[in-house]
Number of protein chains: 2
Amino acid sequence: MSRSNPRVLSTLERAGGFASAQEIYRLMQREGESIGLTTVYRALQSLVNDKIVDVLRRDDGEAIYRLCGEAHHHHLVCKGCGDTVEIEGGAIEKWAKMMAEEHGFRDVGHTAEIFGLCAKC
Amino acid sequence: MSRSNPRVLSTLERAGGFASAQEIYRLMQREGESIGLTTVYRALQSLVNDKIVDVLRRDDGEAIYRLCGEAHHHHLVCKGCGDTVEIEGGAIEKWAKMMAEEHGFRDVGHTAEIFGLCAKC
DNA sequence: AACGGAAATGAAAACCATTTTCATTTGTGC
DNA sequence: GCACAAATGAAAATGGTTTTCATTTCCGTT
């Protein structure tokens with residue numbers, strides 16, 4: 001039942017370990033790989049089930065997939081120009097762990113994004 | 001140009017300051033208010049522009065709207081049963097402020113959600 | 001009160017990411 | 001080679017959100 005298509009995984013890796021299904025699909029097309037959008041979605045779902053990738057949501061609602069193994073980081077996004085800076089979140093990791101423990105949750109992940117206006121905007 | 005329909009705002013307040021457009025629409029219908037879904041969406045957009053409400057995304061991609069004035073808190077969500085606990089995020093506020101400062105960002109906000117499995121699941 | 005233009009409204013259509021359906025192809029064990 | 005399961009992808013369905021456009025409501029001016 002493992003539909004974890006290796007071509008999809010490797011494309012996700014090549015994309016910097018961070019991309020939406022549509023982006024992965026377009027990327028594969030551009031590189032001449034023959035694949036259907038459906039298969040991309042299925043492969044990603046499968047990778048999520050197998051906990052090889054995580055899902056988050058972009059602000060526009062599109063789902064983005066990220067390799068779990070990736071150095072975990074967060075984003076500082078400019079509301080004006082869309083510029084994004086990757087930032088460390090050590091404090092957040094601890095906070096998430098503490099909060100989860102306190103409420104008896106296990107197997108936890110988290111998302112955290114900061115948005116504002118950058119120096120130029 | 002202010003399309004910030006007060007009936008929509010008051011319904012959002014009544015919903016606990018936290019609801020999706022569809023939920024607000026259904027709530028208003030149930031209460032016998034005559035309004036179109038389009039108007040609800042427009043009113044919410046307008047409230048977001050005026051910084052009276054914020055938007056976040058639920059895991060399924062649906063946008064949820066929240067009164068800005070609300071005591072700012074975060075959520076610990078169970079992936080199994082969907083149960084949600086509101087938690088404090090003092091550490092996060094500081095982290096967000098620091099990171100923003102460090103990169104010259106101003107007028108910053110943030111989102112942070114923790115998800116995992118609750119004790120029952 | 002009547003008129004005219006601007007803003008608001010909402011039904012229906014368009015949009016777009018995602019999921020489902022289903023017929024076809026591919027792969028594997030016999 | 002054969003049969004059966006799994007994988008594939010085109011096309012249709014789904015569902016939240018946005019757009020279009022014709023109609024209605026508001027307001028300020030006569």
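Here is how names work: the chains are called A, B, and so on, in the same order as the sequence lines, proteins then strands, and each is numbered from 1.
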Discussion item. How many whole angstroms separate atom CG of B:N5 from atom C1' of C:dA8?
Written reply: 9 Å
Discussion item. Between the base of D:dG16 and the side chain of B:R57, is there a donor and acceptor pair under 3.5 angstrom?
Written reply: no
Worksheet item: Looking only at heavy atoms, which two atoms of B:D50 and B:S4 are closest? And how far apart?
Response: OD2-OG, 3.2 Å
Worksheet item: Can you tell which of B:D54, B:I52, B:L56, B:V48 makes a side chain to side chain contact (heavy atoms under 4.5 Å, CB included) with B:Y65?
Response: B:V48
Response to the item:
In whole angstroms, the gap separating P of C:dT18 from CG of B:D59 amounts to 13 Å
Discussion item. At 4.0 Å (heavy atoms only), tell me whether B:E62 reaches a base, stays on the sugar-phosphate, or touches nothing.
Written reply: sugar-phosphate
Response to the item:
In short, A:C118 meets B:R106 closest at the heavy-atom pair O-NH2, 3.5 Å
Worksheet item: Taking atom P of D:dG9 as reference, at what distance in whole Å does atom CZ of A:R42 sit?
Response: 9 Å
Worksheet entry | Distance, rounded to the nearest Å, where A:E33 contributes CD and D:dT8 contributes P | 12 Å
Response to the item:
From CG of A:L44 across to C1' of D:dT8 the rounded distance in Å is 15 Å
Worksheet item: Does B:T39 make a side-chain donor-acceptor contact with the base of C:dA8, cut-off 3.5 Å?
Response: no
Worksheet item: Between B:T38 and A:Y41, which is nearer to the 5' end of DNA chain C once each is assigned its nearest nucleotide?
Response: B:T38
Item to complete: Tell me which nucleotide among C:dG10, D:dT17, D:dG9 gets nearest to the side chain of A:I35.
Response: D:dG9
Worksheet item: B:V55 and A:I64: same hydrophobic cluster, using ILVMFWY side-chain contacts below 4.5 Å?
Response: no
Worksheet item: Do B:Y41 and B:Q45 pass the side-chain hydrogen bond (donor to acceptor under 3.5 Å, both in side chains) test, and can you show the C-alpha distance, the side-chain angles, and the key distance before you say yes or no?
Response: CA-CA 6 Å; B:Y41 274 106; B:Q45 276 167 357; over 6 Å; no
Worksheet item: Taking only side-chain nitrogens and oxygens of A:Q45, does any of them come within less than 4.0 Å of OP1 or OP2 of C:dT19?
Response: yes
Worksheet item: A:M28 CE to D:dT8 P: how many Å, rounded?
Response: 10 Å
Discussion item. Is there, by distance only and without an angle test, a donor paired with an acceptor across the side chain of B:R58 and the base of D:dG16 below 3.5 Å?
Written reply: no
Worksheet item: How many Å lie between CD on A:Q22 and C1' on C:dA17, as a whole number?
Response: 6 Å
Practice prompt. Whole angstrom is fine here: how far is it from CD in B:Q29 over to C1' in C:dG10?
Written response: 12 Å
